[in-house]
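First up is the structure itself, then whatever we jot down about it.
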Amino acid sequence: MVNEGAGYTPAEVEKKWQEAWDVRGTNRRSSEELRAAENPYYNLMMFPYPSAEGLHVGNIYAFTGADVHGRFRRLTGYDVFEPIGFDAFGIHSENFALKVGVHPMDLIPKNVANFTRQLRRTGGMFDWSHTVDTTDPAYYRWTQWVFLKLFEAGLAEQKEAPVNWCPSCMTVLANEQVVGGRCERCDTPVEQRRIAQWFFKITKYTQRLLDNLDTIDWSETTTKAQRNWIGRSEGAELVFPLVDASAGHGSVDPDTVREPDETAIRVFTTRPDTIFGATFMVLAPEHPAVDRLVSDDRRGAIEAYRAEAQRTDLVSRQKTDKTKTGVFTGGYCRNPATGEAIPVWIADYVLMDYGTGAIMAVPGHDERDFEFATEFDLPIPRVVAGPDDDADTPLTEAYAGDGVLVNSGAFDGLGKVEAIRAVTEWLAERGMGELQVNYRLHDWCISRQRYWGPPIPIIHCDACGAVPVPEEDLPVVLPRVEDFRPDDSGISPLARVAEWYETTCPACGADARRETDVSDTFLDSGWYFLRYPSTDFDDRAIDPEITRNWLPVDCYVGGNEHAVLHLMYSRFLTMVLHDLGHVDFDEPFTRFRAHGLIIRDGAKMSKSKGNVIVPDPIIEQYGADTFRLYLMFLGPFDEGGDYRDEGIQGPFGFLHRLWDTVVAAEDKPADGEVERKLHQTIGQVSEQLPELGYNTSIAAMMEYLNTVRAGGRTAARAEVEPLVVMVAAFCPHIAEELWERLGHDQSIFDAAPWPEFDPEKAREQRLEVAVQVNGKLRGTVSLDVDATAEVAEAAARADANVARHLEGVTVRRVIHVPNRLVNFVVG
RNA sequence: GCGAAAGUGGCGGAACUGGUAGACGCGCGAGACUUAGGAUCUCGUGGCCUCGUGCCGUGGGGGUUCGAGUCCCCCCUUUCGCACCA
């Protein structure tokens, strides 16, 4: 026992129990135990990126919230598996290594060691025998295996593609990593380049990724973000035939229109009903049809504009406030509804990678097209009349609302919904269009022209093409390269290491060359949760039996900054592995909860402001239990909270009082009133912990302890033992110590002693009931529970103050809400 | 611009399906014990005044209701996503 007879000393208690858990293997599970677990609960939290600065409070907040949930499940009898690992590959680490001049292979292990020390110190229930480090060849061997599985399934392909290029990081960025035209990481304006890239065909799973969202229990904010990102939009793809330049502008001779596949432009629109108002067409500058359309006199201007768009592409396109720019190609196409020849322009507000890269411009009813038409003096006819308009009401701005069609031939008078259907059918009959669903989601570019990642396991052979590295040759080990600096060539640093990339083709034995790109970190983190339970095996990525018992993950806690990328990719990879027969579920996380952000004194924490919370000294001074309790007490877990240094005194004092009270507790019968409060507390905490309702649970426990200690009374053992168990979810060390002092020799977490809620014991006998006169509080009366309206009214009238307010007025009505209030309506 | 969430004491935040607003904690005030305390314990703490258990109070303005922080309409502010997606 620690510190016999004296007060609470967190440092001693915490050291003792962290060592005891280690020695006893309290939180470790062997493969046999994982296989045999009868009541498995996989409690997951997003693994950290091990920075040089050490564990951030944000990490501790998230992990503590997840750990409290895991400990609660364990205290209620589940076999809880709670692993942790390190997401240590990637540009972050690499850039930092470059900055401080230390090789990542030296830097990362140090950071991981430091993180491990800090994580142990916070008292998480981690199974340290099942950790994962994405930079460990024993792990990324299987990351490469995942790549091979996708490759074999035809879901990985290399193609030259316009990609986002960050000139500062000197690498390709995923669309998702470009924020407002700038690099998410270093804020440098992003350029566009054409480089051969590896893509995963996530778009083959788009509709499934969308539909499945209805089947999983996730934070609503997160599923909304996913829906938004997938961006399903229903509309039509319409065919606009090109007009031969020699045919002139006004009328169209059908014979001069060539076959559609060669010389028609397809556009995607959500408003096919407005086609009669399409007075021009706009193509993305990169659109392949531009070359066929451009007239000789326009060629110079077009080339200049395309070059400009290419150079500043993503930056300029993100700015919605700039005036529209564009150039006329000199070519025309035919509006399939009106038969008119309309001019074809190029403009950078049309994006090549959405829809068909071409739009029919309806300036009367699309804000952007209106702006463009105004800028270049193009006609803006009205084809939809709102409730207060007719066919000739002038348009001073684009009208995108509902209305009836006008100036649209046979379709005049139709409403929006029926017009969309009717127009599309009409065009479809003539082969000029069809219904179409479009998505924003793009294929996942997974290659990176950088050093610090797992090499993509492909060998390029002149005769055989891209050949996968045979599974038995995995891992393709990332060589230690002292000069790993990226350069502006767009070629991976590994391409400078001939002795590494020179190899022979696994298929034909000829001289061949390894793929020198490495893969995206989101691939590392896209499947790590599948690996945790199987880390004991080096001959398989995912042990089928253990995986069947433990997955999908029961509860996943993490930040909403990963709402889109990490979670979407994890779902996609899981679906693929399911379809290939490697796992028997297709959604990895049954339940996901996003946690909030911790701010400090009302402001975001940042290094530049110097208001970052450093955990180590706080834990040293107050102990991990107090720190955990305070973090969980700050505010609702899903909203985060405002960290104020003085505030920690509250939880600290609570644990001191808890200690004193429990240590002094006597063997005597529980007090009736106290027992009632106890069961009310058990009821509330048991109900709120599954929902991660931590701050109010802690308040309830504080309130209960105040009741136990009221008037300086000494507690009965039966009054405090259940409290120690409830506190254990938040403050595992002090709870273990007190549990031991209460005479138990088994760990509190193995005993599963969560107190049973007895509603009868929680039930009040008498209640304070409010008495109102005309809705204003005039007194309270004490009544038996479930007192009748008559009894309640009589008692209310007997109250002196109430009687005073009822004098000389007529009571018109009496409202009685049992156990809550009596309201006299007078007048 | 679009979407979502949220505005409650000096502060962080409570308040179940409309029913005693401000639980719990910080801070602050008074007292006790102390050589001392930034320790511990007790009590108090939304505002106002004519200190009555009176009036006003949940971003602002309307409304529904016996009764509104909670429901409806309009407006303001903040935060977070998305951002020329056709």
Side-chain angles (χ1 to χ4, degrees), chain A residues 7 179-181 220-222 224-225 227-229 231-233 235 267-271 274 282 316-322 324 347-351 353-362 366-369 371-372 438-442 560-561 563-564 596-597 599 601-602 604 630 633-636 638-651 653-654 656-657 660 684 687 695-706 709 711-712 767-780 800-801 812-827:
Chain A
V179 177
E220 209 187 317
T221 51
T222 313
K224 267 193 183 133
R227 280 204 175 85
N228 190 21
W229 193 261
R232 180 188 161 99
S233 88
V267 302
F268 175 73
T269 178
T270 54
R271 294 294 304 274
T274 62
V282 187
S316 68
R317 290 185 181 201
Q318 298 303 338
K319 287 189 183 153
T320 54
D321 53 346
K322 61 159 196 167
K324 294 272 182 290
D348 63 3
Y349 81 93
V350 174
L351 309 173
D353 58 3
Y354 183 78
T356 60
I359 62 158
M360 64 174 204
V362 184
D366 180 281
E367 210 181 307
R368 298 152 299 182
D369 299 342
E371 229 182 283
F372 191 84
N438 238 303
Y439 303 91
R440 283 182 36 170
L441 187 72
H442 295 115
N560 234 351
E561 68 273 16
V564 178
L597 251 53
I599 57 173
D601 298 323
K604 229 178 209 168
Y630 182 43
F633 185 59
L634 282 177
D638 57 348
E639 288 173 32
D642 189 356
Y643 190 99
R644 291 170 69 247
D645 292 354
E646 322 85 70
I648 200 167
Q649 293 299 339
F654 171 75
H656 271 284
R657 290 191 291 277
D660 294 344
Q684 184 180 344
E687 191 183 310
N695 57 333
T696 46
S697 293
I698 293 167
M701 294 190 294
M702 287 175 165
E703 218 176 309
Y704 174 61
L705 185 64
N706 291 344
R709 294 167 57 86
L767 287 169
E768 291 293 304
V769 171
V771 183
Q772 298 178 338
V773 177
N774 275 354
K776 293 197 170 173
L777 186 70
R778 298 303 179 189
T780 57
N801 193 48
R812 297 181 183 280
R813 211 173 138 194
V814 180
I815 290 161
H816 175 239
V817 182
N819 301 331
R820 303 237 56 146
L821 64 62
V822 178
N823 186 15
F824 293 97
V825 184
V826 304

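A, B, ... follow the sequence lines: proteins, then strands. Residue 1 opens every chain.
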All heavy atoms of Thr222(A) vs all of Asn560(A), minimum pair found to be OG1-OD1, 3.0 Å
How far does OG1 of Thr696(A) sit from CD of Gln684(A), to the nearest 0.5 angstrom?
6.0 Å
OP1 or OP2 of A86(B) versus the side-chain N and O atoms of Ser233(A): is any pair under 4.0 Å?
yes
Base-pairing mate for A32(B) - Watson-Crick or G-U, with both contacts under 3.5 Å
U40(B)
How many whole angstroms separate atom CD1 of Ile359(A) from atom C1' of A86(B)?
6 Å
Using a cut-off of less than 4.0 Å, is there contact between a side-chain N or O of Asn228(A) and OP1 or OP2 of C2(B)?
no
So CD1 of Ile815(A) and CG of Leu821(A): to nearest 0.5 Å the spacing works out to 8.5 Å
Which part of the nucleic acid, if any, lies within reach of Thr696(A) when heavy atoms closer than 4.0 Å are counted: base, sugar-phosphate only, or nothing?
sugar-phosphate
Expressed as a whole number of Å, how far does the P atom of G59(B) sit from that of C66(B)?
24 Å
Opposite nucleotide pairing with C71(B), Watson-Crick or G-U, both atom distances under 3.5 Å:
G63(B)
Of Asn774(A) and Ile648(A), whose nearest nucleotide on RNA chain B comes first from the 5' end?
Ile648(A)
The Watson-Crick or G-U wobble partner of G54(B), with both key distances under 3.5 Å, is C48(B)
Please measure how far the P atom in U78(B) lies from the corresponding atom in U8(B), and state the result in whole Å.
14 Å
Mind checking the P distance from A30(B) to C24(B)? Whole angstroms is fine.
23 Å
Can you measure from NE2 (His816(A)) to CG (Asn823(A)) and round to the nearest 0.5 angstrom?
11.5 Å
Of Lys224(A) and Asn706(A), the one whose closest nucleotide on RNA chain B sits nearer the 5' end is Lys224(A)
Rounded to the nearest 0.5 Å, how far apart are CG of Asp366(A) and CD1 of Ile359(A)?
6.5 Å
Which part of the nucleic acid, if any, lies within reach of Gln772(A) when heavy atoms closer than 4.0 Å are counted: base, sugar-phosphate only, or nothing?
base
Could you please name the option among A14(B), A23(B), C26(B) that lies closest to any side-chain atom of Glu646(A)?
C26(B)
Rounded to whole angstrom units, what separation is found between the CD atom of Glu639(A) and the C1' atom of U8(B)?
13 Å
Separation between the C1' atoms of U20(B) and G25(B), rounded to whole Å
22 Å
Quick one: which of A86(B), U53(B), U20(B) gets closest to the side chain of Glu768(A)?
U20(B)
C1' spacing across the pair A23(B) / G62(B), given as an integer number of angstrom:
32 Å
For the side chain of Asn774(A) and the backbone of Val826(A), is there at least one donor-acceptor N/O pair under 3.5 Å apart?
yes
Between Phe372(A) and Lys324(A), is there a cation-pi geometry (under 6.0 Å to ring centre, at most 45° from the normal)?
no
Does a side-chain N or O of Arg813(A) approach OP1 or OP2 of C66(B) to a distance below 4.0 Å, or not?
yes
Euclidean distance for P, G7(B) against G27(B) (whole angstrom)
25 Å
Which part of the nucleic acid, if any, lies within contact of Glu367(A), taking any heavy atom under 4.0 Å across all strands shown: a base, the sugar-phosphate backbone alone, or nothing?
nothing
Find the distance Tyr643(A):OH to G25(B):C1' and express it as a whole number of Å.
14 Å
Rounding to a whole Å, what distance do you find between Leu634(A):CG and G12(B):P?
12 Å
Between CG of Asn801(A) and OG1 of Thr780(A), what distance do you get to the nearest 0.5 Å?
10.0 Å
Classify the nucleic acid contact of Arg778(A) as base, sugar-phosphate or nothing, counting any heavy atom under 4.0 Å across all strands shown.
sugar-phosphate
Nearest whole Å is fine: how far is G27(B) C1' from Arg644(A) CZ?
7 Å
Within the 4.0 Å heavy-atom criterion, would you say Arg657(A) contacts the bases, only the backbone, or no part of the nucleic acid?
sugar-phosphate
Per the O4'-C1'-N9-C4 / O4'-C1'-N1-C2 angle with a 90° window around 0, G9(B) comes out syn
To the nearest 0.5 Å, how far apart are CD1 in Ile698(A) and CZ in Phe633(A)?
7.0 Å
For the side chain of Ile815(A), counting heavy atoms from C-beta on, which of A86(B), C66(B), A23(B) is nearest?
C66(B)
Winner on side-chain proximity to Phe633(A), out of G12(B), A86(B), A83(B), is G12(B)
Write down the distance between CD1 (Ile698(A)) and P (G25(B)), rounded to a whole number of angstrom.
12 Å
How many whole angstroms separate atom CZ of Arg440(A) from atom C1' of G81(B)?
11 Å
For Leu821(A), answer base if it contacts any base atom (sugar-phosphate contacts may also be present), sugar-phosphate if it contacts only those atoms, and nothing otherwise; contact means non-hydrogen atoms under 4.0 Å.
base
Which nucleotide wins on minimum distance to the side chain of Met702(A), given the candidates A86(B), G19(B), C24(B)?
C24(B)
For atom P, what is the distance between G3(B) and G9(B), given to the nearest Å?
29 Å
The Watson-Crick or G-U wobble partner of A4(B), with both key distances under 3.5 Å, is U79(B)
May I ask which nucleotide in the shown strands pairs with A21(B), Watson-Crick or G-U wobble, both distances under 3.5 Å?
none
Between U20(B) and Arg820(A), is there an OP1 or OP2 to side-chain N/O distance shorter than 4.0 Å?
yes
Under 4.0 Å between a side-chain N/O of Lys776(A) and OP1 or OP2 of C56(B), yes or no?
yes
Short side-chain N/O contact from Asn823(A) to OP1 or OP2 of G19(B), under 4.0 Å:
no
When rounded to the nearest Å, what value does the distance between C1' atoms of G67(B) and A21(B) take?
14 Å
Can you tell me the distance, in whole Å, between the CG atom of Asp353(A) and the P atom of C84(B)?
11 Å
